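Scroll down for the structure; my scribbles are underneath it.
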Amino acid sequence: MRYTTTTLLLCFLLTVFSASAWEQKDLLQKEAGVSQLKQSILPAKKWVTYPDYADRAGWDKLTTGLKEELIRQGETYLDYEWNVIPATAYLEFERSGNRNIMQKPFGENNNALAALFLAELAEGEGRFVDQIVNGVWLSCEMTSWALSAHFYGAQSIKTSLPAYKEEVIDLTAGDVASMLAWVHYFLKDELDKVNPLVDQRLVDNLRERIMVPYMERDNYWWQAFHATPKTMVNNWNPWCNSNVLATFLLIEDDQQKLAEAVHRTMVSVDKFINYVNADGACEEGPSYWGHAAGKLFDYLDLLTTATGGEVTLFDEPEIRNMGEYIAKSYIGNGWVVNFADASAKGGGPMGPIFRYGQAVDSDLLKQFAAYLYQRENNPSRLSHGRDVFRTLENLTIFQDLKATTASLDTEASVWYPQTEFCYMRQSNGFFFAGKGGFNNESHNHNDAGTFILYYNNEPVLVDAGVGTYTRQTFSSERYSIWTMQSNYHNLPVVNGVPQKYGSKYKASSVKFNAGKRQFSANLEQAYPEEAAVKSWNRAYSFKGKERFSITDRFELKEAKDYNQVNFLTREKPQIDESGLVLIHAKGGDVSLKYDAAGFKPTIERISLDDPRLSKVWGDCLYRLTFTATKLRSKGTYSFVVQPE
């Protein structure tokens, strides 16, 4: 059956046109076709290397050092009252834009089921089975496993309520399906002891909600089957496909049908690999690495394992680059480079990072994962909630992870020429990250040419990131949100005009000179016509060990308004009218030198009442604005930052 759907309005940023370095590599399809897959896929689930449920000695060995923690987490849900998700919880998304009304209780149910399941695998005494049955049965009672935020536009009926005649496969539906497939694999006999209808219904649901629609439909936007060189293909693609692959591998017994399904996922995932730049940078930022490159790794890991290593891409340089991006984007003290919707706090999922390092033979990744483990010293972080596959795999590498020497990347500079990201680290403690890019990247902000600056691994000039997702976040109202606007990034406002959204608004002539320690870009095309920009060349450079400079050389078609240069700071700046601004950063005091005759500096306090922002930055950020005192159609602005 074919479905007629419109482009997902909520995710318009994910399906609009981009200017990526698309290349039709089709690496997976070059590895194998359907006939070869039929021979390569190990039959009868022989690719699964975990112990059988009844193998108590095997599970005791696999869960060494984590068994008690897994059981403890499961015990917290022995008396869990399962949440019923009412219709109004779904409808709240279209009424107010609030998606958490539905997501929160649904997520609690899924996390409960995952914890109970893993506890039963670890203990093996049947103590958790009844609650697992309750969780499975409740899941099957639900109309859909997708989120309210993902229904509107994905169905022929425009509503955030699941249309019961249309199956939507989204991120969460895939996660739940994969989890239930693992429940079936390990606990079918135990479920049958309670009542055979439980597992029968589970398998029927997986076929009806995931397997059949995936094979019959070609218009889930994330499948990207009809993608062109201008189509954006983001993290949804590997994330959904990895779950679909796991479901088929665990449920489908017909080898021909299985080979056809696996190949179909390969065709789809090739679209993502074709889209991603060969330099490996994640344009969505480190927060999304686990959902983009990390989920691609999960997919490739499953595919490699299921085919006995005959179908693999782990020797491809591009795949290695995509993995190592997460280690290279770590600044220190829990801070990361956070362009686009990424958070400035984090590090990444240590288990998948370590496994990725093993697969591509990267000491950088393995040692970075060991650093994250030692920094957090929290074994519970190896559990991934409803992502059961990651948790199971983390059990297999836990001892190796603990035994690995921790280390961080200390390269003086990192340059991603296609994605146009540049990182520079100075021996005196400065860390700089800048970007070129364009204003239609995945999870885009209007931020072409922006930068961040840290001192002794603490923020000085920052990117706010993004607040809690609502209906507005992925809609035509996105750029009414202040965090998305260029005038709340470390960028100029030209003739009173900020940057604009769209692929044509971009940085050009983006260059990195490692010898001169300089990153530069022309921002002319990032501004709309009314800004009257003829050229705006911005350069970031280190002068010696102590001085970091921001230099704008510009020419305008006409000077209509007073230009502004904005900087976002974590700490409140102190303005000295003689031409200095002092910033008391936690890593040490720094000063910003400016032309006192040419600019009037002002400070705006930005209150942060959104928990997604406040948990990173505290109760506020500050926008430091330098407003030019003269109308000029041509000139140079210069700012210098150095330690005090």
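Since we're looking at a predicted model, the values are computed, not measured.
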*Which residues pass the side chain to side chain contact (heavy atoms under 4.5 Å, CB included) test with Lys104, sequence neighbours left out?*
Glu108
*Pairing residues for Glu411 by the side chain to side chain donor-acceptor pair (under 3.5 Å) criterion, not counting sequence neighbours*: Lys328
*Only counting residues at least two apart or in another chain, list the ones meeting side chain to side chain donor-acceptor pair (under 3.5 Å) with Arg355.*
Asp298, Asp301
*Using a 4.5 Å cut-off on heavy atoms from C-beta on, say whether the side chain of Met266 contacts that of Leu303.*
yes
*With Asn110, which residues qualify under side chain to side chain donor-acceptor pair (under 3.5 Å), at least two apart?*
none
*Can you name the salt bridge (Lys or Arg N to Asp or Glu O under 4.0 Å) partners of Arg375, sequence neighbours left out?*
none
Please table the atom pairs, donor to acceptor, closer than 3.5 Å between any side-chain atom in residues 310-317 and protein atoms at least two apart or in another chain.
residue : atom : partner : partner atom : Å
Glu310  : OE1  : Ser40   : OG           : 2.8
Thr312  : OG1  : Thr304  : OG1          : 3.2
Thr312  : OG1  : Phe314  : N            : 3.3

*Which residue pairs satisfy the salt bridge (Lys or Arg N to Asp or Glu O under 4.0 Å) criterion with at least one member in residues 233-247, sequence neighbours excluded?*
none
_Side chains of Asp409 and Tyr423 in contact at under 4.5 Å (non-hydrogen atoms)_ = no
*Applying side chain to side chain contact (heavy atoms under 4.5 Å, CB included), name anything that partners His291, two or more places apart in sequence or on another chain.*
Asn235, Trp239, Tyr288
*Report the residues that fulfil side chain to side chain contact (heavy atoms under 4.5 Å, CB included) with Lys516, sequence neighbours left out, ordered by chain and then residue number.*
Asn513, Gln518
_Listed partners of Ser362 passing side chain to side chain donor-acceptor pair (under 3.5 Å), at least two apart_ = Glu324
Which pairs of donor and acceptor atoms, one on a side chain in residues 42-60, lie under 3.5 Å apart (sequence neighbours left out)?
residue : atom : partner : partner atom : Å
Lys45   : NZ   : Asp253  : OD1          : 2.7
Tyr50   : OH   : Glu393  : OE2          : 2.4
Tyr53   : OH   : Glu120  : OE2          : 2.5
Asp55   : OD1  : Gly58   : N            : 2.9
Arg56   : NE   : Tyr53   : O            : 3.2
Arg56   : NH1  : Leu121  : O            : 2.9
Arg56   : NH1  : Ala122  : O            : 3.2
Arg56   : NH1  : Glu123  : O            : 3.4
Arg56   : NH2  : Tyr53   : O            : 2.6
Arg56   : NH2  : Leu121  : O            : 2.9
Trp59   : NE1  : Pro51   : O            : 3.2
Trp59   : NE1  : Asp52   : O            : 3.1
Asp60   : OD1  : Lys67   : NZ           : 2.8

*Does Glu420 come within less than 4.0 Å of Lys506, counting only side-chain N to carboxylate O?*
no
_Contacts of Ala224 that satisfy side chain to side chain contact (heavy atoms under 4.5 Å, CB included) - sequence neighbours left out_ = Ala227, Val233, Asn237, Lys271
